[in-house]
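Reading through the structure tokens given below for one structure.
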Amino acid sequence: MKEENLVIVESPAKAKTIEKFLGKDFLVMSSFGHIRDLDKKDFGIDLKNNYIPRYVVSEDKKKVVAELKKAAKNAKTIWIASDEDREGEAIGWHLMEVLGLSPDTTKRIVFHEITKSAITKAIDNPRLLDLNLVDAQQARRILDRLVGFEISPVLWKKVKPSLSAGRVQSVAVRLIVDQEREIQKFQPTSAYRVTSLFHTEDEKVGSSELKAELSTRFKTFDETKHFLDQCNGASFHIESIVKKPAKKSPTPPFITSTLQQEASRKLGFPVSMTMSVAQKLYEAGKITYMRTDSTNLSQLALDAAKETIVEKYGDKYYHLRTFKTKAKGAQEAHEAIRPTYMNQATVPGTPQEQKLYELIWKRTIASQMADAKLERTTVKIGVSGTDEHFVATGEILVFDGFLSVYLESTDDEGQENPIHKGLLPPLNEGEVLVPSEIVGTQRFTQKPPRFTEASLVRKLEEQGIGRPSTYAPTITTIQNRNYIVKEDRDGTEREYQRLLLQDGHLDSETCTEITGAERGKLFPTDIGLVVNDFLVKNFDSIVDYKFTAKVEKEFDEIAEGKRVWNEMIDEFYVPFHANIEDVIENSERSSGERILGVDPKTEKPVSVRIGRYGPMAQLGESKEDSEEKPQFASLRHGQSIETITLEEALDLFKLPRQLGEYEEKVVTVSVGRFGPYVRHDSKFVSLKKDVDDPLTIELDRAVELIEEKREKDRKALLKTFEEDVDLRVIMGRWGPYIAYQKSNYKIPKDTVVEDLSFEDCMKVVEEGPKPKKAAAKKTATKKAATKKTTTKKTTKTTAAKKTVTKKKTTTKSSSEKK
DNA sequence: CAGTGAGCGAGCTTCCGCTTGACTT
């Protein structure tokens, strides 16, 4: 039977919802995003012929494309309903190309919200594909490919293999590097903050205290002391009391970037976790689409929010609001992120899903609520014999409004807040106050803040760099490439002065505080620093913060039909490529090398630099006329080329150490990729963090660790079989699994592990899905197949060679996924 | 992936944006 209508959307969850609205005559399918991309071979672009792109159907989309083709053949009318933005238009165009549809007749429809009225309205108003917009996307895609695939190989040559550069990631790294340098450069200055606790004359000390701060901050200890001396015996009276109304308004509903920020601040989620939890909520139909840059709410949502607010909180808490989207380059193909059903304040699910949902619900509801009304009272207190005055501020909530539901958090860390929450004690102008204590404290200016994942996203969005769908992946990429790391850092102790005036006595003391402690902040690595400096030096215009904004403007001109896309690309590419050639030819290798000094024992020079496998130290030099080779050692975690000292570098060469023998086998200690370890009988045991030091650990302790590990392995071993000692059932991090020879196998669902027989296990090993060493990335299946058929060949044909190297890459990529 | 780091040097790495699963020891 021939279907009347086929509608193609991008997301399968969306397809499901829309099908319900459209009824029987419509079959709704999804393309799962883009179906084609530029070929990876030779850029996928004909550089000599107007940059004509060569597209191929992505490996993991072949199945979807085949199904769409089949459905398209059977349909009378095909509706392309991809998102209304540049990428969506291109997805639509690729679909038409692949399915053999004509852009002149195929119906293109768009809607910005998934409601019945929006969809029927779209069906009633189809248009044709906008080829200018498609061209703008092609220009975007081709430019990104050219930038990424021309600069990255330069890095392989000049810095280290396998590195990457790109329009978005390189700027993200630059933001972090520039900020880090600002922080290193920063010199704190200090000033003295004076605070006082007052009470009224007739009241007892402590009954109702008034905390006030001096409006002046003194530069020096002596000035502060002088002032406190003046206070000793002075009188204090209220000069004025000023009351001022104030209001607070709610923030707009969530878009991707603000959701990531708030989930990070309020729930402590990394951005990738926020996105995967949101994805689950979306697939379950609990929230609208989570990759959006629009703060818009549908009429349906506005009505539902009103109903919920009025019912739950009453009329006076409701206030209709619409928000303008601020983000640069926003394309607004979707609604804001909001609950599907406003009247559900909570949903079932994992704790994370519940928390994130609640956050979304509160933010959405609050955005449609009344302002909070405050009254701020400022009390000015004069000091006799001086022109100085203390100020006390109190704030009371007259009407809570949206605050009864939700308040956005800030990134500020530990800044002292001088505002009294709540009421001030009853006071009158002219009244005399008595201080119970006056304190002068030395305070230091704060260094610029380091980025968190979420604040980096905000910065990128402000600059119009990246899209909602790429914020989380970009941050993962630059961490995977080891350009930046997310880390905690302990603070350092700092002394400060404190002066205390109490009961007519002035004392001063030196106190200490911890400063500069960081949690979950982004730091550049040595490689990040070297690569960034190389890019800034040689490709300044590309890693410029404004580069994206500049090309976006040109893409817009293409979309408006004012510019031809391949002319724009040509204008960019010709000088860009000349620059590439010049850098390859003329630029020095860049390794960030630092000469640390000379080893006092051997009198050989010691240096550090980026090597093929990362930051390393070198002891001695390679000389042509000498047989002697230099020694190498990797820098340890937390060490940096920029800051490592000669002593620390020399320590690196003290490993591996032999500790002695245990059970007639040698015990050695060293530091590897996963940190310090003990090696014995070709088995590895990690040293305990913060307990053991590889430079000082002794045999007894090493044996202890070895035995501990044996005990743990014994406990994890669930089953062994007499028939074959190679077969074991082991308890792993993700539950039990079967290990046979060198591969691991998943146990089928619903099996009782205790009941597994030898035959059951062997069945899993033989029939179960082949344990893919390779991460399931695009071509993995193809590679696995090649591997299987050729590994047995012993002849050194090119084909066999090829598979060997391929195998290497696949295992590597699987390891990188960790 | 836990001894690597020049030397001879094939073939490999890499981008951004749209979407989900499959998968991890």
Partner residues of K157(A) under the side-chain contact (heavy atoms from CB on, under 4.5 Å) criterion, sequence neighbours left out: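 Result, side-chain contact (heavy atoms from CB on, under 4.5 Å) vs K157(A): I584(A).
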For K16(A), check side-chain contact (heavy atoms from CB on, under 4.5 Å) against everything at least two apart and list the hits. none
Residues S11(A) and Y282(A): side-chain donor-acceptor under 3.5 angstrom: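 Checked: S11(A)/Y282(A) side chains pair up, N/O donor to acceptor below 3.5 Å.
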What is the nucleic acid contact for [X], judged by heavy atoms within less than 4.0 Å: base, sugar-phosphate only, or nothing?
X	value
P630(A)	base
G88(A)	nothing
Q169(A)	sugar-phosphate

Identify, residue by residue, the members of residues 280-291 of chain A with a heavy atom below 4.0 Å from DNA chain B, and return them in order of residue number, or none.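 Y282(A), Y289(A), R291(A) - these, ordered by number, are the residues of the stretch whose heavy atoms sit under 4.0 Å from the strand.
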Identify, between P468(A) and A165(A), the residue whose nearest nucleotide on DNA chain B lies closer to the 5' end.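 Mapping each residue to its closest nucleotide by heavy atoms, the 5'-most match is A165(A).
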Pick the P atom in dG21(B) and in dT25(B), then give their distance to the nearest Å. 22 Å
Below 3.5 Å, can you tabulate the donor-acceptor pairs from side chains in residues 147-156 of chain A to any protein atom, sequence neighbours excluded?
| unit_1 | atom_1 | unit_2 | atom_2 | d |
| --- | --- | --- | --- | --- |
| E150(A) | OE1 | H577(A) | ND1 | 2.8 |
| E150(A) | OE2 | Y573(A) | OH | 2.6 |
| E150(A) | OE2 | H577(A) | ND1 | 3.4 |
| S152(A) | OG | G148(A) | O | 2.7 |
| S152(A) | OG | A165(A) | N | 3.1 |
| W156(A) | NE1 | S152(A) | O | 3.4 |
| W156(A) | NE1 | L163(A) | O | 2.8 |

Which pairs count as salt bridge (charged side-chain N to carboxylate O under 4.0 Å, His left out) when at least one residue sits in residues 158-172 of chain A, sequence neighbours excluded? D144(A)-R167(A)
Ignoring the backbone of S152(A), work out which of dC16(B), dC15(B), dT19(B) is nearest its side chain. dC15(B)
Could you list the residues that satisfy salt bridge (charged side-chain N to carboxylate O under 4.0 Å, His left out) with [X], not counting sequence neighbours?
X	answer
K712(A)	none
D83(A)	K14(A)
R54(A)	D39(A)

Stem segments of DNA chain B by first residue number [Watson-Crick or G-U, under 3.5 Å, at least 3]: none
